[in-house]
Structure formats: structure tokens, C-alpha cells
Amino acid sequence: MKQTLILLCTLLAATSACAAIIEVPGDTTTIQAAHNIASPGDTILVGAGTFIQNITFSKRIAVLGAGIQLSSLLGLVSLNSGCTGTIIEGINMEAARQFGGIVEIAAGVDSISLRRVRIRNTFVDGAANCVKRTGPSSGVLNLHGCVLQSSGADNDNRTYLVEGLGDILTISCTIFAGNNNPSGWTHGLGGTFSGMAVYNCTFAGFQRPFYTSGSFAMTVSNSTFYDWTSAPSWGLFPPSATIDYNASTASPGPIGTNFITLTANPFVNYNETNNYQYGVSDLRLNTTPGGGALCVDAGVPAILDLDGSRSDLGIYGGMNPFLDNGAPNYPFVEFLTVPAAITSGQDLQINAVGRIGRGY
């Protein structure tokens, strides 16, 4: 009995010391209002609905939406000083912005994670970025399971879905979707970086997937490149980059080692005329000879799929594959119900309410 009481006291003490969880709607009506009353380390739960506002963050928080089909933010997001360690997950973000990003990260802000979000810049005639660093930084930027889309196309002002300014960038299981305008310069990753690792991604509708400058460590593996614009090119990247186990059509030609040349559409449903359509295109690998069949079990041998087999190329490969609808996958407890007392020999029944799932 004494040991049980000690355990119970410890559990209750730990629960009371946990960071706060702020619900939107519920505790507040807007995400900005929730941020304003939050303390560093708190979690903001964003429920189903559409929120129309620009948001400025200035503290470390976790923003967890209900999934990109349910929680939408129509506005811009600025991550400023104090936001190091911030996580944004399970939210659809859309806006029209020229010469800037829908998500902008200030200089010196480190360890930002965007997980299972959709970011779409709807500005058409000009540079229309999705994620942009606004000041120099060697901070870490992580993107996992995201959908990045841009409508921008302008020969004078390049569009970068992710634009770095010294970042250490890690991206996995993410869709990069351009608009496939033959006259537009649309790029997946551009700017300057201190390091870059790209795994199990799919690029569709680009003239150049890379347009970086400088010398830095870069790895690109297990990814598919399809539906190029006119005059396609791999772009600019360090000559020392490790580019291994990727697949593309013959133009602009093989790159790196263990390259797979696709002679057919590799996806279950992808229409080159319509380009990538969120909610319609299905980027799972098909079994077409010369297409998706070539990409099955064709990845880096040391990287495995969930079933233990060698990894497939593209967003559904690897140990943490893309999840449709951006369903949040972040285990946490919202509150616990613990009995006030028990007698010797009884089991201690604790009921937890929250979201559970496989961790990262």
C-alpha cells in the first residue's frame, strides 16, 4: 500500500507540472489568442474549422491540428525570436504571398518542426514560396510528411518551396508540387544551407528541384522526380552531394548512383495535364512495368519499410511514411482520472484522455 501511494503521489505531481493544453475553439476562439496566453512549452490543440488570420509566434509551443482536411489556417505564420523548438502539425495553411513565404522563420530560430502540414502559396505571377528563412541562421529545420504546393511562376523571380539562409535542413516523406508552367522557374529547395538531407520525397512539376549555393553536406535518397517542366535541369547543388537510389524519367538524365530511369508513370493516379491535385492525385506506387514496379524495394538497403522489407522509393516508403489527410501522430495525455484512494490489494485504475499514436 505504501508503494502504491508513493507511485500515486509521484504521478499526480508529474501531472500537475505538465505544460498546459489550450484548446481552439474552446479556451479561445483564435490560434493567435491561444498563443498570447500560452507559456513556453504549452500545447495548442486546434480543432476542426477554418481560421482566417495572420499569426505571429514569439515563444516555444506545439500547435497540433485535427488534420489537414479538418483544420485550416488561411493566413501567414511568422516564427520569431523565442520560437526555438516550436512544432506545427496537422494543419492546412493557405495564402497568397509574393516574395515571401506562408511560413517565415526569423534569424537564429532553431529546431523548427513542421509535421504533416499542407502549405500552399496561391500567388500566381511571381515568386511564391511556402517556407522561407528571413534572416541568417544555421538552425535546424525539420519537415516530415508535408505537402508543399506553389502556383508561382516567374522567370525573373524564382519560386522556392523551401528557401534557406544557412539552415540545416532535414526533409522526409514530403510532396513538393509545382505548377508545371513551362515558362516558370519553380524550384523545390533553394537558397543557402549548412547541411541537407532529403529522404523518401516526391517532386512533381518542376524545372529544377534544387537551386542552392555554397558548399555543404547534402544527401538525397529514396525519392522520385516526375512531371518535369520544359528545359528540365537538376539545378545547382554541391558537387560533393551524395545522391543515391532515386528515380526519374530520362530527361533531364540520370543523377548520382543507383539511378532508376522511369519509362512509365509510377503512380496510381497522377495526371500530368492537371499536375498534382491535393485530394485527387494518388502518389502510391503502381505495378506498371517501367513505372512504379521499378521503385518497389529499390531504396537504400539500410532503410526499411514498416513491414521490414527494403524501402520503397517515394513518400510511402521508410519507417515513418506519409499519412493521408495529415492525421496528427503525436502521443500525449490531455488529462488523467485517478481514484482518490484504494485499498490494499486493489488494482490502481487510471483513465487517460488524449491522443495516442506511434511516436516519431
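Here the structure is a predicted model, which means the values were calculated and not measured. Basis for what follows: all heavy atoms, side chains included, without hydrogens, waters or symmetry-related copies.
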Do the non-hydrogen side-chain atoms of Asn246 and Ile260 ever get within less than 4.5 Å of each other?
no
Is any side-chain heavy atom of Val162 less than 4.5 Å from a side-chain heavy atom of Leu169?
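Result yes, sub-4.5 Å side-chain heavy-atom pair found.
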Reference residue His187; test side-chain hydrogen bond (donor to acceptor under 3.5 Å, both in side chains); the match among Gln207, Arg208, Glu163:
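Among Gln207, Arg208, Glu163, the one meeting side-chain hydrogen bond (donor to acceptor under 3.5 Å, both in side chains) with His187 is Arg208.
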Just by distance, no angles: are the side chains of [X] and [Y] close enough, under 3.5 Å, to form a donor-acceptor pair?
X: Thr224; Y: Thr202; result: yes
X: Tyr270; Y: Asp282; result: no
X: Asp244; Y: Ser221; result: no
X: Ser309; Y: Asp307; result: yes
X: Tyr276; Y: Asn271; result: no
X: Ser233; Y: Trp228; result: no
X: Glu94; Y: Asn92; result: yes

How long is the span from the [atom1] atom in [X] to the [atom2] atom in [Y], to the nearest 0.5 Å?
X: Ile37; Y: Gln32; atom1: CD1; atom2: CD; result: 11.5 Å
X: Leu313; Y: Tyr199; atom1: CG; atom2: OH; result: 13.5 Å
X: Thr257; Y: Tyr245; atom1: OG1; atom2: OH; result: 7.0 Å

Determine, for Tyr316 and Arg284, whether the Lys NZ or Arg CZ falls below 6.0 Å from the six-membered ring centre while staying within 45 degrees of the axis.
yes
Is the backbone N or O of Leu165 less than 3.5 Å from a side-chain atom of Asp167, with the two atoms forming a donor-acceptor pair by type?
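Yes; judged by distance alone, with no hydrogens or angles, the pair exists.
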Would you confirm whether Ser150, through its side chain, and Gly178, through its main-chain N or O, come within 3.5 Å as a donor-acceptor pair?
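Between the backbone of Gly178 and the side chain of Ser150 there is no qualifying donor-acceptor contact (under 3.5 Å).
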Does the pair Asn222 and Ser311 meet the rule for a side-chain hydrogen bond (donor to acceptor under 3.5 Å, both in side chains), with working shown?
CA-CA 8 Å; Asn222 283 22; Ser311 57; 2.8 Å; yes
